[in-house]
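Notes for the one structure printed next.
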Amino acid sequence: MPNYYDLSAESSVCDSEDDAFSNESDDDGTASAEGLASDHRCILHVDVDCFYCQCEVQDRQIPKDKPFAIGQKHIIVTSNYAARAMGVKKLQSRTAAYEACPQLLIIEGSDLERYRIHARKIYQVFRAACKRVHPEIAVRRGSMDEMMADLSVAISIDGDDRVDYSNDNVYIYGANGRESIALTEDQTGVCSKIVQEFQVRSLGPSEWSCSERLQRASHIALQIRREILQSTGFTTTMGVSVNPLLAKIASGLKKPATVNVLFPWRSQSLLASMPLRMIPGVGRTTVKALQHCLEKNAVSSQPNFWTCQDLLSVPKQDIVSCLEQVPLFKHSCEVQADIILQKCIGVDHSQIQDDEGGAPKALSVENSFRRGTLVRKDVLCAELEELYRRLSRLLHERREWSHSSRLAYPTTIKLTLRTVDEKLASKKRRPFVTRSKQSSFDGLAFMQLRDSAQQVAFLKRAALPLLHAFELKSDVIDITRASIATTGFQDLSARPKDSPTYFTQPCQSNMSTFIEQTEHGKSRSPRDALNGASTKMSIHEQASMFHNNKIDPSILSQLPPDVISELRQVKPKKRQRIDDYFKRL
DNA sequence: CTGGGGTCCT
DNA sequence: AGGACCC
């Protein structure tokens with residue numbers, strides 16, 4: 001008998017579904033419970049538990065229960081749970097960490113190469129597992145330790161409902177009935193724990209079907225979690241809900257090695273007390289900008305601690321005018337205000353776009369220096385040598401991502417330097433200025449070099465002109481960070497499938513202006529404009545496409561593979577000519 | 001306000 | 001080329 005949470009109590013609830021939920025009100029920005037259940041999706045969010053630490057456990061012999069941390073420069077970036085229990089924090093200075101935990105073992109983790117290899121394996125296992133459940137599940141890599149999938153297409157299919165939860169920790173938030181059962185496993189064996197979840201109201205019909213779908217999704221999540229563990233040895237935490245925002249919040253509810261199912265109607269109270277800053281997409285700058293209208297309207301519990309509820313009590317027009325101060329939101333502050341407010345009530349319409357395998361769009365290596373330590377150009381050049389070596393290895397490792405490894409080469413290289421700005425040093429909190437120079441890069445030639453010394457020399461020949469372009473005054477330069485990035489990978493420039501981001505790059509910029517025009521003309525959201533454009537291309541747009549010598553995607557996708565490859569090979573040459581054109585100006 | 005990355009949007 | 005965001 002399946003042993004998740006007690007559904008028997010809900011049979012009585014179903015009787016009353018005709019009028020039990022009639023208290024819907026959309027008046028003052030509060031979403032109705034039925035409204036929250038109206039997103040018919042099932043989104044899965046995956047977090048690898050303290051990822052760097054699990055990597056180190058696999059790569060070296062570390063005693064069980066030994067508190068350890070990963071160090072970069074003079075800080076530690078993460079630590080295992082034994083160390084956290086002793087009070088070791090993320091992004092803490094090494095000294096502070098030792099104070100909290102004198103026996104702490106710190107492992108140097110500045111070179112991320114091994115972590116990236118583990119991350120790739122995990123993602124590829126995750127992706128394959130999802131596609132095996134249903135080939136049309138959209139899967140996307142977030143970062144090295146985060147992944148998402150849209151399980152919606154797989155929900156209606158029959159699955160084994162008799163899932164054995166006994167080896168997994170499953171937490172269900174907002175279940176109907178007054179309680180849900182959480183099964184946990186510790187050294188003494190399997191035990192079950194009752195998690196109190198108050199559900200005053202009974203469920204309406206769409207809530208009911210929502211809970212059925214999320215349940216099914218949680219079964220799939222469990223399967224996938226086990227597969228990741230079996231194939232890679234990594235434990236993960238999963239969040240299951242109706243949209244990416246809530247799925248991500250869900251995965252953070254109970255950490256490590258769990259599946260967290262968050263029903264949308266439970267999210268309201270959760271979000272209300274949540275710091276605004278914790279909403280994905282709301283960063284430091286945004287909170288700063290909103291601070292004015294928050295102070296004016298909200299009853300602040302603590303200074304500089306704002307919750308989603310606080311923002312919801314602010315008139316929308318105030319929010320809009322605050323967001324005008326953020327340069328990035330300047331021309332879209334109404335839309336942005338809506339997006340943030342919607343997030344505060346748990347609504348998020350963003351889609352998960354399949355990433356076609358997840359090959360990185362950019363590869364970069366960087367090194368940082370303490371203020372005042374890197375003041376000479378020749379020292380900088382010496383430091384760059386190390387970056388060439390690391391970038392070279394990364395570029396070759398990336399081929400393991402690529403579906404067509406012959407095209408797994410970049411076409412652009414960029415050098416970025418962060419310097420201390422003396423003028424800003426006194427007043428601003430971030431006295432740094434970041435500048436970059438880029439140029440085209442013959443990645444194909446680079447990838448064909450066999451000898452690693454030649455590879456380094458090749459990168460150097462590409463990077464030094466960029467360094468020269470900075471025209472650094474030789475005496476007083478104070479570099480605090482240097483990075484080299486490569487982008488424009490050819491295996492990413494054409495998509496095999498139909499999607500809104502299907503167009504090749506020059507065409508994409510056409511899309512941008514198209515979106516802007518529709519936005520100014522009408523109050524359509526960018527997403528609407530994008531969808532409208534992708535479903536049917538106007539005659540005008542098709543003509544423009546032909547004129548610019550681009551290939552209609554729907555035609556391209558029907559060509560034989562070898563022809564497609566040839567067509568793709570042609571592109572770099574065209575780009576090269578464009579580059580030359582701009583160089584002459 | 002730290003580190004070594006990444007994404008997307010002007 | 002640069003900024004804001006994410007981990």
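From a predicted model like this one, the values you see are computed outputs, not experimental measurements. We name chains A, B, ... by the order of the sequence lines, and we start the count at 1 in each one.
Considering only side-chain N and O atoms, A:S143 lies nowhere under 4.0 angstrom from the phosphate OP1 or OP2 of B:dG6. Here A:R371 does not reach the OP1 or OP2 of B:dT2: none of its side-chain N or O atoms lies under 4.0 Å away.
A:F441 and A:F458 have perpendicular rings, their planes meeting at more than 60° on a 0 to 90° scale where under 30° would count as parallel.
Residue A:E146 is in sugar-phosphate contact alone, with no base atom involved, counting any heavy-atom pair closer than 4.0 Å across all strands shown. Contacts of A:K437 with the nucleic acid, taken as non-hydrogen atoms under 4.0 Å apart, involve only primed sugar atoms and P, OP1 or OP2. Backbone-only engagement by A:I279 is indicated by non-hydrogen atom pairs under 4.0 Å involving sugar-phosphate atoms exclusively. Heavy atoms of A:V326 sit nowhere under 4.0 angstrom from any nucleic acid atom. If you check every strand for non-hydrogen atoms under 4.0 Å, A:L91 touches a base. A:K248 comes within 4.0 angstrom of the backbone, heavy atoms only, and of no base.
A:Y52 pairs in a ring pair (Phe, Tyr, Trp, His ring centres under 6.0 Å) with only one of the listed residues (A:F68, A:Y115, A:F234), which is A:Y115.
Using modelled atom types, one side-chain atom of A:Q54 and one backbone atom of A:T235 make a donor-acceptor pair closer than 3.5 Å.
Here the nucleotide nearest the side chain of A:V77, chosen from B:dG4, C:dA4, B:dG3, is B:dG3. Between C:dG2, B:dT7, B:dG3, one nucleotide has an atom nearer to the side chain of A:R435 than all others, and that is C:dG2. Closest to the side chain of A:R277, from the set C:dA4, B:dG3, C:dC6, is C:dC6. Here B:dG4 is the nucleotide among C:dC5, B:dG4, C:dG2 with the atom lying nearest to any side-chain atom of A:E366. For A:N367, taking side-chain heavy atoms from C-beta onward, the closest of the listed nucleotides C:dC5, B:dG4, B:dT7 is B:dG4.
The pair A:E108-A:R94 meets the salt-bridge criterion, since a charged nitrogen lies less than 4.0 angstrom from a carboxylate oxygen.
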